[in-house]
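Order of the sequence lines fixes the chain letters, A, B, ..., with proteins taken first and strands second; residue numbering starts at 1 for each chain.
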2 protein chains.
Amino acid sequence: MLSYFTIDCVIVTFHEGDLKVLLTERNEYPYKDWWAIPGFFVEKDEEMEAAVKRIAYEMTGLKDIYMEQLAAFAGVKRHPEGRILTVAYLAFVKYENVKNKVKPITNYMRQAKWFSMDDLPELAFDHKDILMLAMKKLKTNLSYTLTPYELLPEKFTLTQLQQVYESILGQTLDKRNFRKKMVNLGYLKELDECQTGVSYRAARLYKVDRKKFLKLFS
Amino acid sequence: MLSYFTIDCVIVTFHEGDLKVLLTERNEYPYKDWWAIPGFFVEKDEEMEAAVKRIAYEMTGLKDIYMEQLAAFAGVKRHPEGRILTVAYLAFVKYENVKNKVKPITNYMRQAKWFSMDDLPELAFDHKDILMLAMKKLKTNLSYTLTPYELLPEKFTLTQLQQVYESILGQTLDKRNFRKKMVNLGYLKELDECQTGVSYRAARLYKVDRKKFLKLFS
DNA sequence: AATATAGTGTGTATTTTTTACACTAATAAA
DNA sequence: TTTATTAGTGTAAAAAATACACACTATATT
């Protein structure tokens, strides 16, 4: 009838051709020294939205990230001391915005670190299940949401965009067809700028036009 | 940190060309005499799956229905006496299986009744929000899931199937194109039977081949 | 200055899918 | 037999998806 109530924050980014998830090393029992999805208890009169923000910040040092609900996990045996219901949230962040910023504020976690989605450590509690569900949702929603653009810098190349699609879908895509399709959708703005700092031909940069996107998908 | 924990069961069916949802009339404060989504408290050591089954049965009299998680609602003000976290579940049932069977087992609800989705009474708590989210999910998942076939009798006509699509999508569809597409998908089994008891030309009956469906969508 | 390297950027033909559109056939009831 | 009501069907046009390969360009290296 009464249950402990926590929130877990699945925070995903994209860097070096790879989907990454932010995990924290626990400094408390149970699962001391294990890697876990950053999460903590919700306070008595705290709204979930506020709690997600606070917990994400306290556990990882990250601020101002938009999180949406993934699912509730409430298995009686997920915590050794009895049921702890957790509501998992999912967020996507731009790597450039967060690099060098991930550092727990609280002592409950010893450190926070990005892990490649296909090279995860063993995880505390049922956190593996939570991540699997997150990946599944990510995959299904890919083309109807702004997710890829939340993972990429404000200005990105079509190759980067394709890499995001490929790493989420887990398959390679044809370059010409991918570009044709994306450009035809009409919500990408071609910029007059190119990549810099590459030792080969610099690629054109694009932005997403969020208004046009929303007109198209809602 | 501790919160009350309940489960609400959104149970949907299809009857007479209309999507219907099962609501219960509350017999307890708060919201006594209001219509509400059937729901109740989860017990201490009860797994969610077990709780959903039990609560659906106790509140509506319905057994053996498959429910999947929709979302958690935990607003501090959703209940006048403080936070009550609810995990909403969603189920689809065949009207023929449930007609004349909806009757609360417990005294907490006075009666259970089907309401057309587009003619709902005022609802207790934030139950309106829950239903809206359910409808949204229903709409997005329509063509990737077996939902339409859970709402229809085992044997159904293509017209009935089209009506389900139309009432969920909220738009009319072209009959020839709809049939062509559905039949081409290849997971419908044409039967050697026709409708009976209609005062016009009887339509052919179909079944869904769940194996073929699953092969196609997973 | 020449060369190697690595990723950028592009077109066309084919197949598949989607869309638009209207009449005849079958049955039961009157 | 007439009427009412729904079932059932085809085709052409447009749009979208797929398969497929090479020349270009910017830089770094020698």
Side-chain angles (χ1 to χ4, degrees), chain A residues 14-18 139 142-144 148 152-153 155-207 212-213 215-217, chain B residues 14-18 139 142-144 148 152-153 155-207 212-213 215-217:
Chain A
F14 184 78
H15 184 53
E16 290 173 341
D18 235 13
K139 212 162 163 173
L142 183 56
S143 29
Y144 318 107
L152 287 170
K155 302 172 182 183
F156 53 84
T157 69
L158 292 181
T159 300
Q160 289 175 316
L161 183 57
Q162 184 173 346
Q163 284 170 346
V164 168
Y165 270 78
E166 288 179 339
S167 58
I168 291 175
L169 295 176
Q171 61 176 290
T172 58
L173 302 171
D174 178 86
K175 181 154 73 156
R176 277 174 295 190
N177 293 338
F178 180 80
R179 284 164 180 245
K180 205 189 320 174
K181 186 172 164 179
M182 283 300 157
V183 170
N184 279 345
L185 284 171
Y187 60 75
L188 293 183
K189 274 186 293 214
E190 185 177 326
L191 302 180
D192 291 330
E193 292 173 68
C194 289
Q195 260 181 324
T196 54
V198 288
S199 73
Y200 44 79
R201 175 174 177 185
R204 163 123 341 186
L205 292 171
Y206 288 78
K207 267 189 177 179
K212 283 191 186 163
F213 182 95
K215 217 172 277 173
L216 213 55
F217 289 100
Chain B
F14 184 78
H15 183 54
E16 289 174 340
D18 233 14
K139 211 163 163 172
L142 182 57
S143 30
Y144 316 108
L152 286 170
K155 303 173 181 181
F156 52 85
T157 70
L158 292 180
T159 300
Q160 289 175 316
L161 183 57
Q162 184 173 346
Q163 284 170 346
V164 169
Y165 270 78
E166 288 179 339
S167 59
I168 291 174
L169 295 175
Q171 61 176 287
T172 58
L173 303 170
D174 178 86
K175 182 157 73 158
R176 276 174 295 189
N177 292 337
F178 180 80
R179 283 164 180 245
K180 205 189 322 173
K181 188 170 164 181
M182 283 301 157
V183 169
N184 279 345
L185 284 170
Y187 59 75
L188 293 183
K189 275 186 293 216
E190 185 179 326
L191 302 179
D192 291 330
E193 293 173 67
C194 289
Q195 261 180 323
T196 54
V198 287
S199 73
Y200 44 79
R201 176 175 177 183
R204 166 132 329 200
L205 291 171
Y206 288 77
K207 267 189 178 181
K212 283 192 185 160
F213 183 94
K215 219 172 273 173
L216 212 55
F217 288 100

What string of B, S and - do you get for nucleotides 18-30 of chain D, 5' to 3', if B is base contact, S is sugar-phosphate-only contact and - is no contact with any protein heavy atom under 4.0 Å?
BBBB--BBBBS--

For atom [atom1] of [X] and atom [atom2] of [N], their distance in whole Å:
X	N	atom1	atom2	result
B:F178	C:dA20	CZ	C1'	17 Å
B:L158	D:dT6	CG	P	16 Å
B:Q195	C:dA28	CD	C1'	13 Å
A:L191	C:dT8	CG	P	16 Å
A:F156	C:dG7	CZ	P	20 Å
A:L188	C:dG9	CG	P	13 Å
A:L216	D:dA16	CG	P	11 Å
A:E190	C:dT8	CD	P	15 Å

Could you tell me which non-hydrogen atom of [X] sits nearest to which non-hydrogen atom of [Y], and how far apart they are?
X	Y	result
A:P148	A:L142	CG-CD1, 3.7 Å
B:S167	B:F14	OG-CE1, 3.2 Å
B:L158	B:Y206	CG-CE1, 3.5 Å

Got more than 12 heavy atoms from elsewhere within 6.0 Å of NZ, B:K181?
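Not more than 12 within 6.0 Å, no.
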
Enclosure of B:K139 NZ (heavy-atom neighbours >12, cutoff 6.0 Å):
no

Qualifying residue, where the test is side-chain contact (heavy atoms from CB on, under 4.5 Å) with A:R204 and the options are A:Q195, A:E190, A:E193, A:K155:
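It is A:E190, the one option of A:Q195, A:E190, A:E193, A:K155 that forms the side-chain contact (heavy atoms from CB on, under 4.5 Å) with A:R204.
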
What's B:R204 touching, base or sugar-phosphate or nothing? Going by heavy atoms closer than 4.0 Å.
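Sugar-phosphate, backbone atoms only, no base.
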
Look at all strands and tell whether A:T157 reaches a base, only sugar-phosphate, or nothing, counting heavy atoms closer than 4.0 Å.
nothing

Evaluation steps, side chain to side chain contact (heavy atoms under 4.5 Å, CB included), between B:M182 and B:Y165
CA-CA 11 Å; B:M182 283 301 157; B:Y165 270 78; 3.2 Å; yes

Between A:R179 and C:dT10, is there a side-chain N or O to OP1/OP2 distance below 4.0 Å?
no

